[in-house]
Amino acid sequence: MWSVWKRDLAQGLSAAIRAAFGVEHDPVAEIPPRRALGDLAFPAALHLAKTLRRKPREIAEELARAWRPPAGVREVRVEGAGYLNVYFDRPAFAARLLAEPLLGGGAEDAGKTVVEHTNINPNKAAHIGHLRNAVLGDTLVRCLRALARPVEVQNYIDDTGVQVADVVVGFVDIERRTVAEVAALPEPFDFYCWDLYSRVGAWYEEDAARQHLRRETLHELESGRGERAEMGRLVARRVLTRHLGTMARLGVGYDLITHESDILALDFFHLAFARLQEAGAVRLEADGKNAGCWVMPLADTPEFAGLEDPDKVIVRSDGTITYVGKDIAYQLWKFGLLGKDFGYRWWPEQGLWQTAAEGAREHPPFGGAERVVNVIDARQSYLQKIVRAGLSALGHHEAARRSTHFAYEMVALSPATARLLGFASEDGKALEMSGRKGIGVKADELLDRLEGKAREEIAARNRELEREELRRLARQIATAALRFFMVKTTTTRVLAFDFDEALSFEGDSGPYLQYSLVRARNIGRRLAAAGLEPEVGAEAAAALASELWTDDLWELVHAVARTGEVVDKAASTLELSLVARHALDLAQAFHALYHHHPVLHEEDPALRRTRLATFQIFARGLRATADLLGIPEPERM
RNA sequence: GCGCCCGUAGCUCAGCUGGAUAGAGCGACAGCCUCCGGAGCUGUAGGUCAGAGGUUCGAAUCCUCUCGGGCGCACCA
């Protein structure tokens, strides 16, 4: 409702400017720094001063007299250097916020957006870097859905890549285990692989000749035949199952799991590759350092000019395919441009669909996107550029334009945390994580610690809780703490992970948001218990006197009204920290008011009702926002 | 060398397409529970917004350069 309201005001003002001065101006609306200065401010007179060669304040005075704002506006005043400040009719506005939806509304019949996120190599445990990806991706999905845009969530599994190959080498060549033995290994299997993977790296370094085992294994994985391929499938399946479990703890889910092995089995790559050849976008190198490889030359593309080596290998000299090659095929499929589809199988244990070489007869439609968002960390920007260049090379410029790389900076370990975990780090510098070296914090370990701490905190405040309820509440609080931590920082900033900070449930944290909701809801409960009306309806709110909404209360109502605009902006700019900040702003404003504006103990019914209505509006706003962040609302805490 | 990101309070970070007095959290210090839950609130101290130019009525914000720091530019992903 906010955006529509703002637009209407701007249009009315624009008409007034035209009538008064005979010039076209598209007024922008700002939010005044304090509510005493009004609810919206138009600096139009400041902008017009130059063209009209008059003092801004004079122009503003004249506009204030000429403009007849719509119902819902109580007053227009000139302030400061020449701002035109608009004051809303508070009771009427509040009543709308109690009744109307805060988000969405704009029923745009947009096409499907495919969001790809998580994408963890299925060869080791997920770490906190992967969590940033999954949380950002899932939050984006929640925002898009709240804005009524059709979304399909895909989690791409590179089950035929070098990383899985390395763990297979670890099992087969280092540990000499059979497939049956590996199948019998106890959980947590992904933790076991975490250690094994870092051992493989060291093992290769001891003897360079061992590299051939990696190549042979990779070949077998791609062909899908042989014992190593069998082992690869087992490892990928077991680790993926663990990853999905980790994500489920956080409320992160998917519509489709896409397996790279199916891209190969169904010859997606060869289809795409044939087109690249036809288009002359790839060539076979006869000599030089890439002799025997099929490369995509990028020297002519302005984006890649200046690179030392502007050619990208698509097919290696041994005939195996690089990730970029497979990803171009995948990206084509996402847009429905490949002319071929996957098979699909239902995965009952996980309750989701996954690709297959041969699938079920009936399944929902997948792919066919109008827009694609790939959530991938910023270190892969170069590769994502190449994938887009591949689409363009095939003439799919529109698809390339609608492919968005949602880039975020990596998660590193703070110096204190690196030291705590026994990793050497230079003083004062964050330490980059490395799966290959086994440096990192496992996602499940962090979640376990968060839940453990949450359980202690809850138990200290609530004596007689059932074991099951305690567990559920602890999980809700841990989820809130972690998700908020991952989304509150701007995506363009490296996140220095620090245990103390991540485990904090105070200040700007997820639990702080939850606590404010619990408090707000308790007010209604206490009112009901005391035999007073536990909530205020929209009509009753509209009937309250304007003066009852003092500036401090009003500020909170005003902030809730802006929610839809914040979400819109977050989704369109992919800056999801805006949503987290907004939630924090709401909670902080509420907590501050809470102490000064008692409801239960207020004698005056009108004042009591005003405060209650304000807190109800707050709860509506924060609930909607927390939902987008995947932060659950606990019963108590 | 080329490209991307970052530099704001002791620490971690906000600061929207330039606009009214640069804000939070943590930490420090001083307070607040006979009263809707103290995972909270109130107050104090703490800033040449890395530096230098430029654009503008107006710059933390836009442009240029310089200095720090991170990350890319593989037959890994």
Side-chain angles (χ1 to χ4, degrees), chain A residues 28 30-34 37 41 43 46 49-50 56 79-81 83 119 121 158 161-163 165-166 214-215 289-295 303-310 312-318 320 322-324 327 376-383 385 407 409-410 412 414 428-430 432 435-436 454 457-458 460-462 477 488-494 496 498 500-501 504-509 511-512 514-516 518-520 522-527 529-530 565-566 569 573 575 577-578 581 584-585 588 591-602 615 636-637:
Chain A
V28 292
E30 290 171 7
I31 312 242
R34 297 182 308 278
L37 289 171
L46 279 73
K50 206 174 180 184
E79 305 275 3
Y83 286 94
N119 299 8
N121 268 302
D158 183 2
V162 172
Q163 294 210 19
D166 283 348
R214 167 190 271 182
R215 282 193 295 275
K289 74 181 189 89
N290 292 332
C293 298
W294 282 89
V295 304
E303 282 182 288
F304 297 95
L307 288 181
E308 277 177 29
D309 176 15
K312 181 67 199 175
V313 172
I314 303 295
V315 180
R316 301 184 187 103
S317 55
D318 65 0
T320 57
T322 62
Y323 158 82
V324 183
D327 211 33
I376 302 175
D377 85 78
R379 288 172 296 186
Q380 296 195 42
S381 296
Y382 168 68
L383 291 180
K385 259 186 177 175
E409 285 290 340
M410 62 164 171
S414 77
K429 290 188 183 173
E432 183 172 354
R436 176 160 293 281
E457 300 277 340
I458 301 161
R461 293 168 175 81
N462 301 272
I477 288 163
K488 74 176 174 182
T489 308
T490 322
T491 48
T492 49
R493 195 184 271 279
V494 172
D498 188 85
D500 286 342
E501 206 190 325
S504 164
F505 294 168
E506 292 168 10
D508 47 10
S509 70
Y512 177 88
Q514 293 177 311
Y515 186 57
S516 69
V518 168
R519 273 185 150 177
N522 278 345
I523 296 172
R525 281 199 191 126
R526 294 296 299 264
L527 285 168
E565 192 174 52
V566 170
K569 186 172 180 181
T573 60
E575 189 46 85
S577 62
L578 291 174
R581 288 283 151 196
L584 201 56
D585 287 345
Q588 277 175 344
H591 275 306
L593 292 176
Y594 179 86
H595 293 275
H596 302 296
H597 297 270
V599 179
L600 183 64
H601 303 288
E602 176 53 52
F615 295 155
R636 67 185 92 187
M637 58 191 288

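All heavy atoms count here, side chains included; hydrogens, waters and symmetry mates do not.
Side-chain atoms of A:H595 lie closest to B:C41 of the nucleotides B:C6, B:C41, B:G19. Checking B:G70, B:U42, B:A20 against every side-chain atom of A:H596, the shortest atom distance belongs to B:U42. The side chain of A:L600 lies closest to B:C36 when the candidates are B:C36, B:A77, B:U42. Ranking B:G37, B:C36, B:G19 by closeness to the A:Y83 side chain, first place goes to B:G19.
Between A:L578 and A:C293, it is A:L578 whose nearest contact on RNA chain B lies nearer the 5' terminus. Nearest-nucleotide positions on RNA chain B for A:H591 and A:V599 put A:V599 closer to the 5' end.
The distance from atom CD of A:E432 to atom C1' of B:A77 is 13 Å, rounded to the nearest whole Å. One interatomic measurement links the two molecules: CD1 of A:I314 to C1' of B:C75, which rounds to 11 Å at whole-angstrom precision. Rounded to a whole Å, the NZ atom of A:K488 is 12 Å from the P atom of B:G25. Here B:C26 presents its P atom at 10 Å from CG of A:L584, a figure rounded to the nearest Å. Protein atom CD of A:E506 is 8 Å distant from nucleotide atom P of B:A39, rounded to whole Å. In this entry the distance linking CD1 of A:I458 with P of B:G37 reads 17 Å, nearest Å. One atom, CD of A:E575, and another, P of B:G15, lie 7 Å apart when rounded to the nearest Å. When rounded to the nearest whole Å, the span between OH of A:Y323 and P of B:C75 equals 16 Å.
Contact check, A:R379 against B:C5: no side-chain N or O comes under 4.0 Å of OP1 or OP2. One finds a side-chain N or O of A:Y512 lying less than 4.0 angstrom from the OP1 or OP2 phosphate oxygen of B:C41. Note on A:N290: a side-chain N or O is less than 4.0 Å away from OP1 or OP2 of B:C75. The phosphate of B:A77 (OP1 or OP2) has no side-chain N or O of A:N121 nearer than 4.0 angstrom. Contact annotation: A:K312 does not reach the phosphate of B:A74 (side-chain N/O to OP1 or OP2, under 4.0 Å). Here A:R493 reaches the OP1 or OP2 of B:G7: one of its side-chain N or O atoms lies under 4.0 Å away. Between A:Y515 and B:A39 there is a side-chain N or O to OP1 or OP2 distance below 4.0 Å. Taking side-chain N and O atoms only, A:T492 has a distance below 4.0 Å to OP1 or OP2 of B:C6.
Taking atom C1' on both B:A60 and B:A22, the two are 8 Å apart, rounded to the nearest angstrom. For the P atoms, the distance linking B:U56 with B:U61 amounts to 16 Å, nearest Å. A distance of about 8 Å separates the C1' atoms of B:G68 and B:A50, rounded to the whole Å. For the P atoms, the distance linking B:G27 with B:C41 amounts to 13 Å, nearest Å. A gap of 27 Å separates the P atoms of B:C36 and B:A24, to the nearest Å. Separating the C1' atom of B:U42 from that of B:C4 is a span of 44 Å, rounded to the nearest Å. The separation of B:G58 from B:C65, taken at their P atoms, amounts to 24 Å, rounded to a whole angstrom. Atom name C1', nucleotides B:G72 and B:G10: the rounded distance is 33 Å, in whole Å.
A:Y323 places none of its side-chain heavy atoms less than 4.5 Å from the side chain of A:V162. With contacts defined as side-chain heavy-atom distances shorter than 4.5 Å, the pair A:D158/A:Q163 does not qualify. Side-chain contact check for A:T491 versus A:S577: every heavy-atom pair is 4.5 Å or farther apart. The shortest distance between side-chain heavy atoms of A:M637 and A:F505 does not fall below 4.5 Å.
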*Is there a ring pair (Phe, Tyr, Trp, His ring centres under 6.0 Å) between A:H591 and A:Y515 once you walk through the steps?*
CA-CA 9 Å; A:H591 275 306; A:Y515 186 57; 5.7 Å; yes
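A:N462 places a side-chain N or O within 3.5 Å of a backbone atom of A:I458 that can act as its donor or acceptor partner. Checked by atom type and distance alone, the side chain of A:S504 never pairs as donor or acceptor with a backbone atom of A:E501 at under 3.5 Å. At distances below 3.5 Å, at least one donor-acceptor pair connects side-chain atoms of A:T322 with backbone N or O atoms of A:I314.
Counting atom types as modelled, A:R461 pairs a side-chain N or O with a base atom of B:A39 as donor and acceptor under 3.5 Å. Evaluation of atom-type donor-acceptor distances gives a pair under 3.5 Å for the side chain of A:S317 against the base of B:C75.
With centres under 5.5 Å and a plane angle under 30° as the test, the ring of A:Y594 is not stacked against the base of B:G40.
With 3.5 Å as the limit, one finds a donor-acceptor pair spanning the side chains of A:R525 and A:N522.
For RNA chain B, each stem of at least three Watson-Crick or G-U pairs (distances under 3.5 Å) is given as range with range: B:1-7 with B:67-73, B:10-13 with B:23-26, B:28-32 with B:40-44, B:50-54 with B:62-66.
Nearest approach of A:A41 to A:Y83, heavy atoms of both residues: CB-CD2, 4.1 Å.
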